[in-house]
Protein chains: 2
Amino acid sequence: MDFQPDAEIDHEGPVTPYRQLAGILRARIARGEWQPNKPISSETQLVQQYGLARTTVRRAIAVIVEEGLVFTVPQRGTYVAPQQAVPDDKASPGQAG
Amino acid sequence: MDFQPDAEIDHEGPVTPYRQLAGILRARIARGEWQPNKPISSETQLVQQYGLARTTVRRAIAVIVEEGLVFTVPQRGTYVAPQQAVPDDKASPGQAG
DNA sequence: GTAGATTTGTTCGTATGTATA
DNA sequence: TTATACATACGAACAAATCTA
C-alpha cells in the first residue's frame, strides 16, 4: 500500500486515519519534501491540512518517530532524522524504543 | 556537536538559537578570541552579528555565565572568567576573585 | 554638573510549538 | 475539541550605571 504525499484521509476505509497519515508523512519524507534536521509541518498545520484531531496527528507522528524517521524536540518541533533509509511502506528498522 | 566560531544561526534546526549561540561563544572563548578579564562582544553587537533578538542573546550569555565561562558586570559588560579550562560538556569551576 | 553614547537590567506584548488535562 | 501550561523567539520600550567630552 502506498500513500500519496497529497492524499486525503479516508475515514471510511479499513486503515485507521493515524496509520494513513503516518504513511503520507513517510512518503513526503521519502520524496525529500523535508530535509534532514529540518522540521516537518507542525502538529497544528497537519491538523488543519488533513482535517484530523490533534491526538490523531500526534499518534501518526509517534509511529514514524518509533521508526526512526523523525525525532521530536520538546517545545520545538518534529525533525527529519539525519541520513535515514526511508522504508517503502512498512518497515522495522530494528530499533524501536 | 561543535559550533564554529563564525557559524551562523540555523533558525530551522532542532537546536534552539540561544543554545547555538552559547556554543559559538564557547568556541570563540576556547580559541582565545577574548582574553581572560576582557569583555566579549556587547549584547548589541551580538544581536547585529548573529541576527538574533536581544532576549535571545541574553539567554545565551546566561548559559555560559552559569557555566562559569564568563561573568557579567552591570552597566559594564560581560567578561571572560580568569583561568579556567573550557569544558567539553559541563563544568563548575571555582569562583573568580 | 550637564549631555550624549554605550551597556546591562527589566518588563510588556505578540507569536509559535509542544505537553498535558 | 477546547483550554491551559511551558519553552522559545522576536520586538519594543524604559531604567540605571558607566564612560567620554
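In what follows, chains carry the letters A, B, and so on, assigned in the order in which the sequence lines appear, proteins first and then strands, with residues in each chain numbered from 1.
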What is the distance from atom [atom1] of [X] to atom [atom2] of [Y], rounded to the nearest 0.5 Å?
X	Y	atom1	atom2	result
B/I40	B/I61	CD1	CD1	4.5 Å
A/I9	A/T16	CD1	OG1	9.5 Å
A/I24	A/E8	CD1	CD	9.0 Å
B/R28	B/W34	CZ	CH2	3.5 Å

Counting just side-chain N and O atoms, does [X] come under 4.0 Å of either OP1 or OP2 of [N]?
X	N	answer
B/H11	D/dT8	no
B/R58	C/dG9	yes
B/R76	D/dC19	yes
A/T44	C/dG17	no

For this session: Check if the side chain of A/R54 and the base of C/dG17 share a donor-acceptor pair of N or O atoms closer than 3.5 Å.
Result: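 No such pair is found, so the answer is no.
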Note to self: Can you say whether a donor on the side chain of B/Q75 sits under 3.5 Å from an acceptor on the base of C/dT8, or the other way round?
What the structure shows: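 Check passes, donor-acceptor contact within cut-off.
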Taking the side chain as everything from C-beta on, heavy atoms only, tell me whether A/V70 gets closer than 4.5 Å to A/I29.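 A side-chain contact under 4.5 Å exists here.
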Atom [atom1] of [X] and atom [atom2] of [N]: how far apart are they, to the nearest Å?
X	N	atom1	atom2	result
B/K38	C/dT7	NZ	P	16 Å
B/I9	D/dC10	CD1	C1'	14 Å
B/R59	D/dA7	CZ	C1'	7 Å
A/Q48	C/dT16	CD	C1'	12 Å
B/E12	C/dT16	CD	P	15 Å
A/Y79	C/dT16	OH	C1'	11 Å
B/Q20	D/dT8	CD	P	13 Å
B/E43	D/dA17	CD	C1'	14 Å

Choosing from [options], which nucleotide comes nearest the side chain of [X]?
X	options	answer
A/T78	D/dT8, C/dG9, C/dT18	C/dT18
A/T72	C/dA19, C/dT8, D/dC10	C/dA19
B/T55	D/dA13, C/dA19, D/dG11	D/dG11

